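Structure, as structure tokens:
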Amino acid sequence: MMNRQGRPSQPEKNAPNKGIQTSTGNYGLDIEEPLSYELGNIHTSGVDLPSCGEFESSLGGLERNSDIGIAGLSEPEVLRHYTRLSRKNYAIDMGLYPLGSCTMKHNPRLNEKMARLAGFADIHPLQPQSTVQGALQVMDTLSHWLKELTGMPAVSMSPKAGAHGELCGLMAIRAAHEAAGNPREYVLVPESAHGTNPATATLCGYKVKTIPAEADGRVHAALLKEYLDENCAAIMLTNPNTCGLFEREIIEIADAVHEVGALFYCDGANFNAIMGRVRPGDLGIDAMHLNLHKTFSTPHGGGGPGSGPVVFSERVAPYMPVPLLENDADLALVEGMDVPNSIGRLTAFHGQMGMFTRALTYMLSHGADGLKQASDDAVLSANYIMASLQDVMSVSFEGPCMHEVLFDDRFLKDRGVSTLDFAKAMIDEGFHPMTMYFPLVVHGAMLIEPTESESKASLDQFITSLRSLAEATKQDDVTRFTGAPHFAPLQRLDETAAARSPILKWTPKAE
Ligand SMILES: Cc1ncc(COP(=O)(O)O)c(C=O)c1O
């Protein structure tokens with residue numbers, strides 16, 4: 001059966017009544033969406049432009065001599081194409097999005113309203129600074145809040161994501177060591193770390209030494225000391241860590257690291273669990289990134305634009321990237337000779353203005369007590385899920401968790417269902433799966449982060465689904481899992497083929 005674009009219509013399995021054949025081959029909204037190139041037609045145009053008439057080319061023979069090959073579509077056709085695609089996607093605006101370590105929290109609409117104000121949205125980074133004092137004020141106020149919340153004396157607003165913030169922090173740490181005469185050789189990274197930590201250390205020219213996981217999922221100062229010597233440049237430690245646990249020995253760890261002259265990079269991706277309760281500056285940290293899209297509710301945005309400001313201790317602050325925002329009579333962005341030890345620019349211009357406005361809106365609309373409440377609620381939600389499911393799923397580490405709860409696959413043992421099968425079955429339940437197989441320190445990890453956004457009713461609905469799935473894994477017939485998802489537009493992809501022989505180029509059909 002073909003759909004209206006002449007492509008095979010695959011969702012017959014979802015047809016509400018297989019006896020009915022529609023004229024288009026589609027069943028309701030279950031349409032396989034072609035590419036816009038296939039949908040449109042290169043011989044038509046969606047806009048009416050006046051003819052440019054005769055003109056003399058000034059391109060010196062470099063002008064295009066063939067069709068550009070972009071399909072023409074009318075405005076409604078374009079809108080409908082993207083709206084149809086969006087309906088195939090799962091989004092935080094559709095339901096609970098439990099991806100652990102990702103913090104998929106609600107993006108308040110007030111943030112969007114503020115970010116769209118013309119004074120923020122329509123300015124240009126090359127405008128004279130005297131004409132954008134309001135925008136600089138937003139950056140300055142946000143910087144102030146970030147420093148207050150973390151208890152750190154300096155902040156760089158340039159980085160465009162958490163991983164970019166890590167690079168920024170470690171480059172500054174390297175510069176601090178170089179200024180002292182020796183960049184040192186390696187960076188310590190716990191086994192449970194996010195992959196961006198070792199990648200960052202490698203990118204900065206360091207060897208990575210891995211600290212093995214301890215039975216309670218935390219790093220212990222005694223074991224750490226066995227890995228530490230004067231060649232250590234830094235430790236990169238996430239707190240709360242990727243198992244959803246607070247690193248209880250963090251102060252002893254900071255002391256041990258500083259004793260050998262190394263510096264402490266804290267991966268602050270999980271700051272959303274401790275905001276308002278713990279100030280990293282009180283723990284001996286030298287640099288830490290904050291993912292505005294995780295803690296401060298800015299959109300994740302499909303890979304960008306993100307924002308990952310980095311806070312610094314006095315020791316590392318002189319090496320921060322430029323520009324720096326100075327607040328004298330006027331607000332001014334400074335660089336060059338005014339910041340002689342800086343590692344330089346990390347990005348064109350000054351960071352992500354739209355994200356700054358959204359994050360500050362989130363902060364101001366919550367207030368200091370509200371931000372603490374948001375962290376407390378995130379932790380409460382995760383513990384509620386843990387307590388509600390611990391009799392049917394296997395919790396990896398005993399005791400209360402922070403903002404995310406880690407399960408492993410022990411409860412699936414001998415049932416013919418893997419973590420992947422279980423996660424895929426969640427799609428049929430109407431949920432996005434949790435994070436799978438991360439962190440690597442437990443077998444078949446399932447990491448769930450509900451965030452503070454969810455009501456108790458929404459958490460209960462999620463818990464009911466997971467409980468019924470966990471019970472169903474005990475049945476003899478587990479095709480509900482091994483064949484899942486049964487009700488999604490696409491079933492399981494051949495991940496091996498996708499990785500080994502990907503088709504990366506679109507080829508137009510012969511006319
Ligand atoms: C612990 C941790 N570190 C670093 C990152 C990288 O952050 P980003 O995705 O903003 O680059 C993440 C992202 O999820 C994370 O969870």
Side-chain angles (χ1 to χ4, degrees), residues 92 97-105 107 146 156-171 187-204 208 211 213 217-219 234-247 250 264-275 280 285 287-311 346-347 351-352 354-356 358-359 378 382 401-406 432-441 445-451:
I92 187 66
Y97 206 133
L99 270 186
S101 205
C102 290
T103 319
M104 305 299 287
K105 65 167 75 169
N107 309 138
L146 294 177
S156 165
M157 302 302 289
S158 296
K160 301 277 173 73
H164 200 205
E166 289 176 37
L167 182 68
C168 165
L170 219 58
M171 282 173 74
V187 169
L188 282 178
V189 181
E191 213 171 6
S192 60
H194 196 262
T196 47
N197 292 186
T200 300
T202 308
L203 209 60
C204 288
V208 174
I211 313 169
R218 296 176 173 88
V219 174
I235 184 170
M236 293 183 87
L237 185 70
T238 310
N239 195 27
N241 69 23
T242 59
C243 302
L245 303 170
F246 191 81
E247 291 288 356
I250 188 158
F264 190 161
Y265 186 88
C266 183
D267 180 329
N270 297 335
F271 189 63
N272 59 310
I274 56 174
M275 169 174 56
I285 284 154
M288 182 179 95
H289 73 262
L290 293 151
N291 312 54
L292 295 190
H293 50 287
K294 285 163 62 109
T295 301
F296 300 107
S297 80
T298 67
H300 283 237
S307 183
V310 181
V311 287
L346 275 185
T347 172
Q352 298 285 16
M355 299 301 130
F356 298 159
R358 287 176 174 88
C401 59
M402 297 298 292
H403 61 303
E404 53 195 353
V405 49
L406 180 60
H432 193 284
M434 71 284 269
T435 291
M436 296 177 287
Y437 301 108
F438 175 81
L440 305 177
V441 293
M446 301 179 207
L447 188 62
I448 297 181
E449 180 174 5
T451 83

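Bear in mind the structure is a predicted one, so any value in this text is a computation, not a measurement. Read the numbers this way: they start at 1 and go in the same order the structure lists the ligands and their atoms. Heavy atoms only: backbone and side chains are in, while hydrogens, waters and symmetry mates are out.
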Should [X] be counted as touching ligand 1, given the test is an N or O pair under 3.5 Å?
X	result
Thr242	no
Asp267	yes
Asn270	no

With under 30° as parallel and over 60° as perpendicular, where do the rings of His194 and Phe438 fit, or are they tilted in between?
perpendicular
With no hydrogens and no angle check, is any side-chain donor or acceptor of [X] less than 3.5 Å from a backbone partner on [Y]?
X	Y	value
Asn107	Ser297	yes
Thr238	Ala193	no
His289	Ala163	no
Glu449	Thr103	yes

For [X], the ligand 1 atoms whose distance to one of its heavy atoms is below 4.0 Å:
X	answer
His293	10 (O)
Glu166	3 (N), 4 (C)
Ala163	6 (C), 7 (O), 8 (P), 11 (O)
Asn291	7 (O), 8 (P), 10 (O)

Name the closest protein heavy atom to atom 14 (O) of ligand 1, giving the residue it belongs to and the distance to 0.1 Å.
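Scanning the protein heavy atoms, the shortest distance from atom 14 (O) of ligand 1 goes to Ser101 O, 3.0 Å.
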Closest heavy-atom approach to atom 8 (P) of ligand 1 among Pro240, Gly162, Pro159 is made by Gly162
Return the option from His194, Lys160, Glu404 holding the heavy atom at the smallest distance from atom 15 (C) of ligand 1.
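That would be His194.
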Ignoring hydrogens and geometry beyond distance, is a side-chain donor-acceptor pair present between Glu247 and Asn239 at under 3.5 Å?
no
With distance as the sole criterion, is a donor-acceptor pair present between the side chains of Gln352 and Ser307 under 3.5 Å?
no
Is it the side chain (CB and beyond), the backbone, both or neither of Ala269 that lies under 4.0 Å from ligand 1, heavy atoms counted?
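Under 4.0 Å from ligand 1, Ala269 contributes side-chain atoms alone.
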Yes or no: does His164 have any heavy atom under 4.0 Å from an atom of ligand 1?
no
Could you state the interatomic distance from OG (Ser101) to NZ (Lys294), rounded to the nearest 0.5 Å?
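The distance works out to 4.5 Å.
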